[in-house]
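All values reported here derive from a predicted model rather than from experimental measurement.
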Amino acid sequence: MHGLTPSLIVAALSLALTACHHSDATDPGISGAYHVDCTQREAGDGSVAHPWNSLDQASALTLTPGTNILFKRGTVCTGALELRGAGAADRPARVGAYGEGSLPRIDGVCSSDPAFPDAVLLEDVSHVILEDLELTNRGDRTKICRGVHVVAKAEAVVSNVTVQRLHIHNVDGASSPKETGGDGILFDAQASGSFKTRFDGVLVSDNLLEDVYRMGIWLNVAEGARGVRSPSGAWPEAATRVVARGNRLYRIGGDGIVVTGAFGAHIEDNVLGGGNLLHKPITDPNWLYSAGMWAFASNDTVIQRNEVYGMLGPEADGTGFDIDFNQDGTIVQYNYSHDNAGGFILVCDSLIQQRSAVVRYNLSIDDYGLVRDGLCQLPPIGTGGLFQVKVYNNTFVGKEPINGSTSIIGASNHIQDPTSYEFFNNIVYSTTEIPYLGFVCPLHCANNLFFNMLPVALPPFIFADPLFQDAARRGVGREIAGGFALRAGSPAVGTGRTIAGHPDRDYFGNPVPADTAPTIGFYEPPRPTP
């Protein structure tokens with residue numbers, strides 16, 4: 001794990017979900033509430049005084065508007081919770097907790113009963129909130145296991161599903177992770193005849209996932225969607241209103257958060273510490289490479305204000321972020337990426353059509369590579385294919401590894417392609433002096449600042465110290481970025497190029513000027529009011 005110190009690992013990966021003592025959103029005494037306490041010897045009627053005592057009783061209930069299934073805090077149920085039915089837009093069904101103490105826990109049984117691979121299954125359930133539970137699903141590495149599985153397979157759109165404040169951990173998969181199971185939270189749009197099954201209204205927020213065998217959160221929210229933008233911009237088969245926000249993921253075997261088949265999805269304010277742990281080389285029949293946070297077959301995805309670190313696998317992928325095949329309009333902004341063995345971001349060629357992507361106002365520290373192609377088949381230089389990929393106003397800080405190529409280069413030779421992506425207003429800062437030409441950047445590449453490495457670039461560019469507040473600052477947390485704000489007198493201030501369509505704020509929330517030259521890098525210093 002490049003650049004990741006033992007103290008940093010301990011600080012970040014030893015987080016535990018504290019017991020939740022807030023009052024529950026649902027009064028356990030109201031009509032429509034059913035209570036579950038699996039420590040009780042006898043099955044009751046679901047009241048507070050006489051609760052149900054098994055997951056079978058809860059699974060036999062069909063959800064209706066206003067239904068509440070509440071598990072007693074401090075208790076453990078073994079088995080699978082499988083729910084069907086639906087709430088209503090103004091009266092959602094709810095599955096949660098009651099009482100005082102630690103989160104109620106459901107231990108899945110995929111290892112002993114392959115008929116129940118999921119700790120919690122919601123099948124074609126609209127208008128539902130799943131919250132305040134602890135879930136595990138240990139296996140013997142021969143079967144599919146999952147934490148939460150939300151399925152859409154009927155000929156209808158599944159609407160308004162919220163999964164929040166869960167603690168999901170120790171979810172196992174099979175020994176061939178490329179093909180089988182092991183996901184923490186899976187939204188699963190399945191084929192349903194000629195109808196393109198999809199979700200509308202997905203919120204996955206404030207969950208803690210630890211030690212998940214394959215994928216942390218996979219929002220596969222539209223069946224058959226391919227992310228191809230039609231001339232009219234219409235895409236009726238896509239999922240809409242999809243958000244993954246405020247989740248924390250640690251020690252994930254594969255990908256952290258992935259969205260598939262969505263229009264306008266948001267992946268924001270999440271933390272991923274440790275991923276791609278199962279990476280295997282391409283020579284292995286079960287080869288597997290994964291990235292931190294990304295979208296596939298999706299348009300207009302926004303990936304912002306996330307932190308990703310500790311991704312393994314320098315051979316391919318292993319990046320914090322990914323602009324993969326089959327997408328258009330992706331925006332990657334305001335993220336903090338560090339200590340990722342594969343680098344900051346993976347960029348794949350579009351093999352179908354021209355498409356655009358923007359990477360802006362991000363901070364990358366000690367990632368093993370700036371922009372890389374991994375296993376993606378980029379076109380030969382001069383032939384085009386990356387089209388409208390704009391990389392601007394980022395700050396990249398890297399060191400020189402043993403192999404003699406600076407970690408901030410990666411696959412940056414493609415920046416020289418005149419039909420490829422644009423590279424403007426970036427700070428490229430090497431923490432060790434490179435006594436050779438370190439960066440090829442001649443065309444569609446201007447107004448960048450380089451330090452400790454001499455670029456091959458057409459003017460204008462700046463070769464100087466950007467004057468960071470604290471260039472040695474390292475650690476976990478987006479506040480680390482303060483060390484890479486600029487001191488007074490920095491040659492980066494006011495020397496950037498105005499970019500059409502730029503945001504009005506920088507990484508820190510400072511205004512970006514609309515009518516004057518911006519600052520180079522991810523930080524825009526406050527300017528005096530005229």
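- For the atom pair D124 CG and E155 CD, the distance stands at 10.5 Å (nearest 0.5 Å).
- With respect to R241 and D200, a salt bridge is recorded, a charged nitrogen being found less than 4.0 Å from a carboxylate O.
- Ring geometry for F396 against F423 counts as parallel: the plane angle stays under 30°, on a 0 to 90° scale with 60° as the upper cut.
- S159 has its side chain out of reach of F199: every pair of non-hydrogen atoms, C-beta onward, lies at least 4.5 Å apart.
- Within the 4.5 Å cutoff, no side-chain heavy atoms of V128 are placed close to those of P92.
- Here the shortest heavy-atom pairing between V476 and E479 reads O-OE2, 3.7 Å.
- Between the side chains of S364 and D367, a donor-acceptor pair is found at a separation under 3.5 Å.
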Under the criterion side-chain contact (heavy atoms from CB on, under 4.5 Å), I'd like the reasoning laid out for I345 against T319: C-alpha separation, chi angles, the key distance, then a yes or no. CA-CA 5 Å; I345 194 164; T319 53; 5.6 Å; no
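- Aromatic ring centroids of H279 and Y289 lie 6.0 Å or more apart.
- Remark: side-chain polar atoms of N362 are paired, donor with acceptor, to backbone N or O of V332 under 3.5 angstrom.
- Side-chain polar atoms of N306 and R478 form no donor-acceptor pair below 3.5 angstrom.
- No donor-acceptor contact under 3.5 angstrom links the side chains of D328 and N299, judged on distance only.
- Salt bridge annotation for R251-D211: present, with a cationic side-chain nitrogen under 4.0 angstrom from a carboxylate oxygen.
- There is a side-chain donor-acceptor pair under 3.5 Å between E134 and H169.
- Judged by distance alone, with hydrogens and angles left aside, the side-chain atoms of T395 form a donor-acceptor pair with the main-chain N or O of F522 at under 3.5 Å.
- S290 and D317 share no donor-acceptor pair across their side chains, judged by distance under 3.5 Å alone.
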Given the rule in the side-chain contact (heavy atoms from CB on, under 4.5 Å) test, do V95 and L83 qualify, once you have shown the distances and angles that lead to the verdict? CA-CA 10 Å; V95 181; L83 296 175; 3.5 Å; yes
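- In summary, the side chains of Q304 and Q333 do present a donor paired with an acceptor at a separation below 3.5 Å, with no hydrogens or angles considered.
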L166 vs L208, test: side-chain contact (heavy atoms from CB on, under 4.5 Å). Steps then yes/no. CA-CA 6 Å; L166 303 184; L208 171 62; over 6 Å; no
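- In this pair, F296 and W294 present their aromatic rings perpendicular. The plane angle is above 60°, beyond the 30 to 60° band.
- Residues G483 and R473 approach most closely at N-NH1, 3.5 Å, considering heavy atoms.
- Put simply, the side chain of D188 does not reach to within 4.5 Å of the side chain of W218, judged on heavy atoms.
- Using a cutoff of 4.0 Å between basic side-chain nitrogens and carboxylate oxygens, R474 and D366 are scored as salt-bridged.
- Using a 4.5 Å cut-off on side-chain heavy atoms (C-beta onward), L203 and V163 make no contact.
- The backbone N or O of F508 lies less than 3.5 Å from a partner atom in the side chain of D506, making a donor-acceptor pair.
- Cation-pi geometry between R105 and F71 is not satisfied (NZ or CZ under 6.0 Å from the ring centre, within 45° of the ring normal).
- Between the CZ atom of R165 and the CG atom of D206 there is a distance of 7.5 Å, given to the nearest 0.5 Å.
- By the 30° and 60° cut-offs, the orientation of the rings of Y361 relative to Y334 is tilted.
- Contact of the L249 side chain with the V271 side chain is not registered, since no non-hydrogen atoms from C-beta on lie closer than 4.5 Å.
- Of the charged side-chain nitrogens involved, at least one lies within less than 4.0 Å of a carboxylate oxygen, so that E268 and R305 count as a salt-bridged pair.
- With respect to E131 and R94, a salt bridge is recorded, a charged nitrogen being found less than 4.0 Å from a carboxylate O.
- The backbone N or O of A295 lies less than 3.5 Å from a partner atom in the side chain of Q327, making a donor-acceptor pair.
- Residues L219 and I217 form a side-chain contact, since some pair of their non-hydrogen atoms from C-beta on lies under 4.5 Å apart.
- Under the 4.5 Å side-chain criterion, counting only non-hydrogen atoms from C-beta, V397 is in contact with T431.
- R146 has a carboxylate O that lies under 4.0 Å from a charged side-chain N of D118, or vice versa, which qualifies the two as a salt bridge.
- Side-chain atoms of D107 and T136 include a donor-acceptor pair closer than 3.5 Å.
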